[in-house]
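Hydrogens, waters and symmetry mates are skipped; everything else that's a heavy atom, side chains included, is used.
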Amino acid sequence: MSALTVDPGPGHGQDWDDLVRIWEETDAPEGCKVEIIEGIVTVSPPPSKDHNTTAALLQRRLYTVIPEDWEIYQTLGVSVPGRAGLYIPDLVVLARAVASGPGNRVPAEEVRLVVEITSPANANHDRIGKAHGYAKAGVELFLLLDPWHTGRPTATLYGEPSDGTYRVLEAVEYGETLTLPKPFGLDLDTGIFPVS
């Protein structure tokens with residue numbers, strides 16, 4: 001992962017506009033993910049095959065439980081200006097109407113579920129920086145799939161965001177079942193995910 005530090009200029013609103021402009025103009029290699037994490041533009045390499053397989057397996061299961069007017073996106077930007085962030089989650093679930101039209105990002109507060117799958121290069125961003133950003137923006141549910149967790153791979157579901165912090169709703173080791181609450185109502189067998 002590489003990072004480009006952005007020097008904040010005068011005027012808070014202008015700072016965010018400048019960050020977004022830099023994000024939009026960053027010419028990253030094909031397949032790389034460009035994000036703004038805590039005011040720093042970062043470029044991550046394309047995810048591994050296991051990472052993509054995990055996202056695909058979860059997406060397949062989520063489609064069986066989401067309402068007809070919701071969708072699941074893998075490359076949609078999520079704006080978190082209160083944390084100087086513009087993230088591209090591994091999966092984001094929201095109403096199709098919110099993600100329709102021009103542009104390439106949606107406001108975080110419109111998201112119903114966000115999923116991050118850690119990679120060796122981004123694990124701390126997903127576990128700490130993005131978790132705080134999603135909580136501060138009021139994203140209802142954040143599912144962290146962490147095959148790189150020390151000891152054993154884990155799946156952690158966060159919810160009830162308050163003051164930039166989530167409550168852990170459930171944490172399991174891969175191989176156990178994690179339950180996504182309503183409106184999903186999904187018992188997820190985490191044993192289906194590959195272990196890196």
Side-chain angles (χ1 to χ4, degrees), residues 1-3 28-37 42-67 70-78 80 85-94 99 104 106 108 111-135 139-159 166-196:
M1 178 178 333
S2 65
E30 179 102 16
C32 289
K33 184 164 43 172
V34 179
E35 299 177 288
I36 303 170
I37 302 172
T42 64
V43 180
S44 301
S48 70
K49 293 184 285 185
D50 282 349
H51 187 113
N52 282 316
T53 297
T54 298
L57 289 167
L58 178 57
Q59 185 166 343
R60 181 180 299 271
R61 276 143 189 87
L62 287 171
Y63 268 123
T64 68
V65 297
I66 64 171
W70 290 13
E71 292 296 341
I72 304 166
Y73 300 92
Q74 289 192 25
T75 58
L76 187 62
V78 175
V80 186
L86 205 157
Y87 312 149
I88 301 177
D90 292 300
L91 295 176
V92 60
V93 181
L94 71 158
N104 52 10
V106 297
V111 173
R112 300 303 301 266
L113 169 69
V114 67
V115 179
E116 294 287 359
I117 304 162
T118 63
S119 297
N122 75 1
N124 283 334
H125 284 307
D126 291 346
R127 293 174 190 146
I128 301 166
K130 287 183 174 183
H132 289 301
Y134 292 134
V139 173
E140 296 173 41
L141 294 171
F142 169 42
L143 177 59
L144 178 67
L145 298 177
D146 195 351
W148 298 98
H149 185 269
T150 304
R152 289 194 55 137
T154 61
T156 306
L157 180 64
Y158 298 93
Y166 277 119
R167 185 167 88 75
V168 174
L169 301 180
E170 189 172 3
V172 302
E173 291 184 356
Y174 276 23
E176 298 173 16
T177 299
L178 181 138
T179 301
L180 291 175
K182 296 286 182 197
F184 299 94
L186 176 65
D187 291 328
L188 179 63
D189 174 9
T190 62
I192 63 170
F193 301 134
V195 179
S196 300

Visitor: Output side-chain donor-acceptor pairs under 3.5 Å for residues 150-159, partner residues at least two apart or in another chain, one line each.
Guide:
residue : atom : partner : partner atom : Å
Arg152  : NE   : Glu173  : OE1          : 3.0

Visitor: What's the spacing between Ile88 CD1 and Tyr73 OH if we round to 0.5 Å?
Guide: 15.0 Å
Visitor: Are side-chain heavy atoms of Leu58 and Ile117 found at a separation under 4.5 Å?
Guide: no
Visitor: Taking Thr190 for the side chain and Glu176 for the main chain, is one N or O donor matched with an acceptor at less than 3.5 Å?
Guide: yes
Visitor: Is there side-chain contact between Tyr174 and Pro147, with heavy atoms separated by less than 4.5 Å?
Guide: yes
Visitor: Can you list the steps and then say if Arg61 with Ile192 is a side-chain contact (heavy atoms from CB on, under 4.5 Å)?
Guide: CA-CA 11 Å; Arg61 276 143 189 87; Ile192 63 170; 3.3 Å; yes
Visitor: With a 4.5 Å cut-off on side-chain heavy atoms, are Pro181 and Leu141 touching?
Guide: yes
Visitor: Measure from the side-chain N and O atoms of Gln59 to the backbone N and O of Leu91, and report whether any donor-acceptor pair falls under 3.5 Å.
Guide: no
Visitor: To the nearest 0.5 Å, what is the distance between CD (Glu170) and CG (Leu188)?
Guide: 9.5 Å
Visitor: Measuring from Leu76:CG to Asn104:CG, what's the distance to the nearest 0.5 Å?
Guide: 8.0 Å
Visitor: Run through Thr118, Asn122, Asp146 and flag the one making a side chain to side chain donor-acceptor pair (under 3.5 Å) with Arg127.
Guide: Asp146
Visitor: Would you indicate whether the side-chain heavy atoms of Leu143 and Leu178 approach each other to under 4.5 Å?
Guide: yes
Visitor: Looking at NE2 of His125 and NZ of Lys130, how far apart are the two atoms once the value is rounded to the nearest 0.5 Å?
Guide: 8.5 Å
Visitor: Does a donor on one side chain and an acceptor on the other come within less than 3.5 Å for Glu116 and Tyr134?
Guide: yes
Visitor: Go through the steps for Trp70 and Leu94 under the test side-chain contact (heavy atoms from CB on, under 4.5 Å), then give the verdict.
Guide: CA-CA 5 Å; Trp70 290 13; Leu94 71 158; over 6 Å; no
Visitor: As a quick check of understanding, evaluate side-chain contact (heavy atoms from CB on, under 4.5 Å) for Asp90 and Lys33, giving each step before the final call.
Guide: CA-CA 10 Å; Asp90 292 300; Lys33 184 164 43 172; 3.6 Å; yes
Visitor: Any chance you could measure Thr53, atom OG1, to Phe193, atom CZ, to the nearest 0.5 Å?
Guide: 11.0 Å
Visitor: Does any N or O in the side chain of Tyr166 come within less than 3.5 Å of the main-chain N or O of Val139, such that one atom is a donor and the other an acceptor?
Guide: yes
Visitor: I need the minimum non-hydrogen distance between Pro194 and Leu57, along with the two atoms involved.
Guide: CD-CD1, 4.3 Å
Visitor: Measure across Ala108 and Val80 and return the closest heavy-atom pair with its distance rounded to 0.1 Å.
Guide: CB-CG2, 3.9 Å
Visitor: Before giving the answer on side-chain contact (heavy atoms from CB on, under 4.5 Å), spell out for Leu113 and Leu62 the whole-Å C-alpha distance, their side-chain angles and the decisive distance to 0.1 Å.
Guide: CA-CA 10 Å; Leu113 169 69; Leu62 287 171; 4.1 Å; yes
